[in-house]
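Below, chains carry the letters A, B, ... as their sequence lines are ordered, and counting in each starts from 1.
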Amino acid sequence: PEPAFDGAIAAYLLNPGRTVYRIEDLAREFGLPEVPEGETPGAVAGRAGALLALRPALESALREAGLWSLFAEIEMPLVGILARMEATGIAVQREALEEMGRELEERILAVQQEIFQRVGYTFNLNSPKQLADVLFGKMGLPVIKRTKTGPSTDAEVLEELALQEPLVERILDYRTLVKLKGTYVDGLAPLIEADGRIHTTFNQTVAATGRLSSADPNLQNIPIRIEEGRRIRKVFIPGEPGWVLFAADYSQIELRVVAHFSGDEALLDAFRQDQDIHTRTAAEVFGVPMEEVTPEMRRRAKAVNFGLIYGQSDYGLARALGIGRGEAKEFIQRYFDRYPGVKAYMEQKVQEAREKGYVTTLLGRRRFLPEIHARTFAVRQNAERAAINTPIQGTAADLMKKAMVAICRRLDASGLRARLLLQVHDELVFEAPPEELPALYELVVGEMERALTLRVPLKVEAKVGRNWYEMEPYTP
DNA sequence: GCGATCACGTA
DNA sequence: GTACGTGATCGCT
């Protein structure tokens with residue numbers, strides 16, 4: 001049975017930047033009588049009473065803010081959907097996970113040995129401080145950048161140092177292996193429950209942009225980019241014999257949202273023609289036909305497109321591409337020359353945040369940005385980037401949530417046995433009997449593509465596999 | 001045991 | 001440059 005009202009979710013929509021949802025605090029905020037704190041029967045009863053009184057106050061506030069339909073038609077129905085996803089969980093091959101652990105352990109010991117041998121003594125390789133002493137003290141390597149407490153030893157720094165000291169490459173290997181074993185093998189193993197499945201918690205009131213988050217464990221950050229880590233996905237399997245995993249993900253959802261909001265002709269055109277967006281951007285920015293775009297040009301254009309979503313600065317783009325600020329500034333300049341609608345859109349969002357104090361998504365979700373008026377430049381700039389990014393990231397979240405509600409409603413009515421397991425921001429993961437795939441595809445891809453009508457088509461790509469590693473493109 | 005810090009995984 | 005969560009270390013209580 002679906003809950004009718006959740007005070008925390010109401011409070012989240014009214015201000016998604018809040019971090020606590022204590023009834024005592026909400027009561028004060030909405031002008032109710034003071035509620036006693038503590039765990040005495042009186043305090044507990046007081047909170048129950050206050051929550052009852054809060055309901056009409058929160059409901060009126062939602063209506064006044066134009067958030068009622070988002071609350072009633074998307075967020076509340078989603079509560080039950082997420083609860084079911086959590087209860088269902090995802091099956092994990094314990095044996096395979098443990099085998100990966102043993103293999104990683106072996107490799108870690110070997111790499112560690114090699115490093116200690118070269119350094120001449122042992123130390124705690126997991127301590128950035130001790131590592132810094134070795135690299136910048138004993139070995140006399142140059143400090144590339146600093147954290148607030150000392151020299152930085154992050155991957156970016158180590159990659160640069162590796163050019164002059166091969167040992168550093170081994171330290172990078174060590175970091176990768178330890179991360180995989182610690183977070184994804186030793187971290188996940190104890191969370192496999194008696195049913196052979198891992199049950200995450202989807203948090204619906206944490207992310208200020210409207211996204212979900214996943215914790216205990218976080219199943220939204222399972223490695224995929226690097227092959228080494230990607231292998232972790234092999235242990236995530238369908239929970240019924242003969243079943244498969246089915247995934248559907250939005251293609252370039254955030255840039256499509258930018259195209260919709262900005263109305264920029266070139267961007268709209270690119271998506272209407274279903275072009276490779278990074279290649280098209282490279283062609284525009286470098287002034288060549290799409291056929292003549294080189295991999296390097298595309299790589300740079302891709303960074304510009306990402307930067308765009310994040311509210312790019314010349315400084316940030318320069319860092320991402322490892323180029324000078326002047327050159328980065330030129331790229332951005334050229335981008336805005338070719339995509340003037342995007343430039344105008346970004347300026348408009350910052351202005352809106354200044355005037356109204358908040359920005360909104362397509363479905364009216366709002367995020368307050370009080371720091372848009374900060375006296376400190378860096379703090380203010382951060383708020384300006386959030387003003388640009390939130391409507392984009394948040395609208396993508398709106399779309400996905402709306403699709404999830406529609407999909408689950410239809411799935412329930414369909415008699416299909418397929419189950420929704422995970423949401424990873426722009427992707428949904430199901431387990432299903434293979435014979436249901438054609439119907440599941442139509443249902444899921446159809447609802448995702450038609451969740452909202454934008455000025456550009458929404459594109460969804462489907463994949464199927466015997467585990468979360470072996471996912472191959474699927475069309476019925 | 002707790003919190004800050006650093007580092008690093010995802011979209 | 002956006003948004004998250006987790007693990008190890010380290011200094012503190």
Side-chain angles (χ1 to χ4, degrees), chain A residues 16-17 19 123-132 145-158 171-172 174-188 191 200-203 205-226 228-230 232-233 249-255 257-258 303-321 325 328 331-332 346 349 359 367 369 378 381-397 400 422-428 468:
Chain A
T19 54
F123 62 98
N124 189 343
L125 253 176
N126 298 326
S127 164
K129 189 169 173 294
Q130 291 186 35
L131 178 62
K145 67 176 173 186
R146 312 191 66 91
T147 67
K148 64 172 84 169
T149 60
S152 167
T153 68
D154 69 17
E156 197 185 318
V157 167
L158 295 186
I171 297 172
L172 281 163
Y174 176 85
R175 282 252 176 95
T176 303
L177 297 171
V178 162
K179 175 77 177 179
L180 292 178
K181 180 163 189 292
T183 304
Y184 299 106
V185 176
D186 299 344
L188 289 180
L191 299 176
T200 185
T201 299
F202 286 105
N203 207 314
T205 60
V206 165
T209 55
R211 274 188 175 184
L212 299 176
S213 75
S214 157
D216 307 308
N218 181 357
L219 293 182
Q220 292 180 324
N221 75 340
I222 302 301
I224 189 167
R225 294 176 190 176
I226 311 292
E228 290 262 76
R230 191 175 188 140
I232 296 285
R233 293 185 170 230
D249 74 287
Y250 279 115
S251 167
Q252 302 293 353
I253 185 66
E254 294 191 338
L255 285 174
V257 168
V258 173
V304 171
N305 279 331
F306 268 102
L308 159 74
I309 293 165
Y310 300 153
Q312 71 193 342
S313 64
D314 48 0
Y315 180 78
L317 182 65
R319 271 202 43 198
L321 281 175
R325 264 181 65 179
F331 281 153
I332 295 173
M346 292 172 66
K349 285 300 131 186
V359 290
R367 178 182 181 181
L369 294 165
Q381 271 220 315
N382 201 40
E384 290 175 1
R385 287 193 294 270
I388 293 165
N389 175 261
T390 297
I392 303 168
Q393 189 181 120
T395 297
M400 179 55 101
L422 300 175
Q423 186 249 45
V424 190
H425 309 306
D426 63 1
E427 174 189 26
L428 295 177
W468 206 10

Check every strand shown and say whether [X] touches a base, only sugar-phosphate, or nothing at a heavy-atom separation below 4.0 Å.
{"X": "A/D186", "answer": "nothing"}
{"X": "A/R319", "answer": "sugar-phosphate"}
{"X": "A/V178", "answer": "nothing"}
{"X": "A/S214", "answer": "sugar-phosphate"}
{"X": "A/A303", "answer": "base"}
{"X": "A/G307", "answer": "base"}
{"X": "A/T390", "answer": "nothing"}
{"X": "A/N203", "answer": "nothing"}
{"X": "A/R367", "answer": "sugar-phosphate"}
{"X": "A/S313", "answer": "base"}
{"X": "A/A320", "answer": "base"}
{"X": "A/L212", "answer": "nothing"}
{"X": "A/Y315", "answer": "sugar-phosphate"}
{"X": "A/Q130", "answer": "sugar-phosphate"}

Rounded to whole Å, please give me the gap between [atom1] in [X] and [atom2] in [N].
{"X": "A/K148", "N": "C/dT9", "atom1": "NZ", "atom2": "C1'", "result": "16 Å"}
{"X": "A/L219", "N": "C/dC4", "atom1": "CG", "atom2": "P", "result": "18 Å"}
{"X": "A/F123", "N": "C/dA8", "atom1": "CZ", "atom2": "C1'", "result": "15 Å"}
{"X": "A/E156", "N": "B/dC6", "atom1": "CD", "atom2": "P", "result": "15 Å"}
{"X": "A/R211", "N": "C/dC4", "atom1": "CZ", "atom2": "C1'", "result": "8 Å"}
{"X": "A/I232", "N": "C/dT6", "atom1": "CD1", "atom2": "P", "result": "16 Å"}
{"X": "A/R175", "N": "C/dT6", "atom1": "CZ", "atom2": "P", "result": "20 Å"}
{"X": "A/K129", "N": "B/dA4", "atom1": "NZ", "atom2": "C1'", "result": "15 Å"}

Where do [X] and [Y] come nearest, in terms of heavy atoms and distance?
{"X": "A/A328", "Y": "A/D314", "answer": "CB-O, 3.3 Å"}
{"X": "A/L369", "Y": "A/A386", "answer": "CD2-CB, 3.8 Å"}
{"X": "A/V304", "Y": "A/F331", "answer": "CG2-CB, 4.4 Å"}

Is there a donor and acceptor pair, one atom on the side chain of A/N218 and one on the base of C/dG5, closer than 3.5 Å? no
Looking at C/dT2, does its base get a donor-acceptor pair with the side chain of A/Q393 below 3.5 Å? yes
Is it the case that atom OH in A/Y315 sees more than 12 heavy atoms from other parts of the structure closer than 6.0 Å? no
State plainly whether the residues A/R175 and A/E228 are in salt-bridge range, i.e. N to O under 4.0 Å. no
For A/T390 and A/T209, indicate whether the former's side chain and the latter's backbone hold a donor-acceptor pair under 3.5 Å. no
